[in-house]
Colleague: 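Take this structure first; my questions come after.
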Amino acid sequence: MTMLLYTSALLVLATLLQASVLPIPQLSPEPVVAIHEPLLELKRVKAKSGLNVITSCDQPNTLAITFDDGPFEYTAELLDLLDRENVKATFFMNGKNIGDITKFEDVVKRAFDSGHHIASHTWDHKDLSQMNEGQVRWEMTRLDDTFMRILGVRPLYMRPPFGYLNDAAGHYLASNGYKVVTWTIDTNDWRHPRDIQASMKFYRAQLSSANANRRGFIALQHDTKADTVRHLVPAVIKYARQQGFEMVTVGACLGDPQSNWYRS
Ligand SMILES: [Zn+2]
């Protein structure tokens, strides 16, 4: 009888344990976005247009940390940090996105004068894969002209918003000498802006000495996120140095001299 009771108790316990580990449906904190394969689509556009698409660094043991969607209110703070750490980075800037470039002209100039690589992320961060060539031209030249006014140069490196291009955009960018930069590490910091460890895991996976394919990396995050600037970037700098990586601009990690980064 005691044995029976004991067995029944065990069964009840096992059932309870099983119930407690059943998956609980998770609600996404971010709007659910459709799963795209921007890099695969880019490959196709590249093959058709002859576009120069850069996804990683040529120089071994280099890490190009890149920031999209600024300038914004945390960009100056990021520049302070990069100065203190003596790290050069790359900024894919918008004209009008979360911020307005005309309100941050001194920040843009300061980043450029400090030797950071300034590149285009289009005027207002629209999806270029939905545009015709004339619309793509407008997106690029409106921002190029603004950079020309602020910096005296027009960037030749660009990153399409969301990584999306169509053939018209590919043709326009290729025939106007733009170099398209994607990424090897996407931190997805916008999906979990307060959880820097979730972003760090992408760095750890690639930069770790356990990764047999260690080489030069281009990493994507956003200077529009306070925690990225204040917590993720210091953690990345520390980790990359521990792993023996040199943090340089996209131009430098390709061995491309600074005179090729811009035109007037
Ligand atoms: Zn963006």
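Read the numbers this way: they start at 1 and go in the same order the structure lists the ligands and their atoms. In what follows, every heavy atom counts, from backbone to side chain, and hydrogens, waters and symmetry copies are set aside.
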Colleague: Only to 10 degrees, please: what angle do the NE2 atom of H125 and the OD1 atom of D69 make about the Zn ion (ligand 1)?
Modeller: 100°
Colleague: When you check the side-chain N and O atoms of R159 and T182, is any donor under 3.5 Å from an acceptor?
Modeller: no
Colleague: Indicate yes or no: does R230 engage E77 in a salt bridge with an N to O separation below 4.0 Å.
Modeller: yes
Colleague: By the definition side chain to side chain contact (heavy atoms under 4.5 Å, CB included), identify the one residue from T249, I118, V250, L254 that meets it with W261.
Modeller: T249
Colleague: Is any N, O or S atom of D68 under 2.8 Å away from the Zn ion (ligand 1)?
Modeller: no
Colleague: Do you see an N/O/S atom of H222, backbone or side chain, under 2.8 Å from the Zn ion (ligand 1)?
Modeller: no
Colleague: Any side-chain heavy atom of Y262 sitting closer than 4.5 Å to one from L156?
Modeller: no
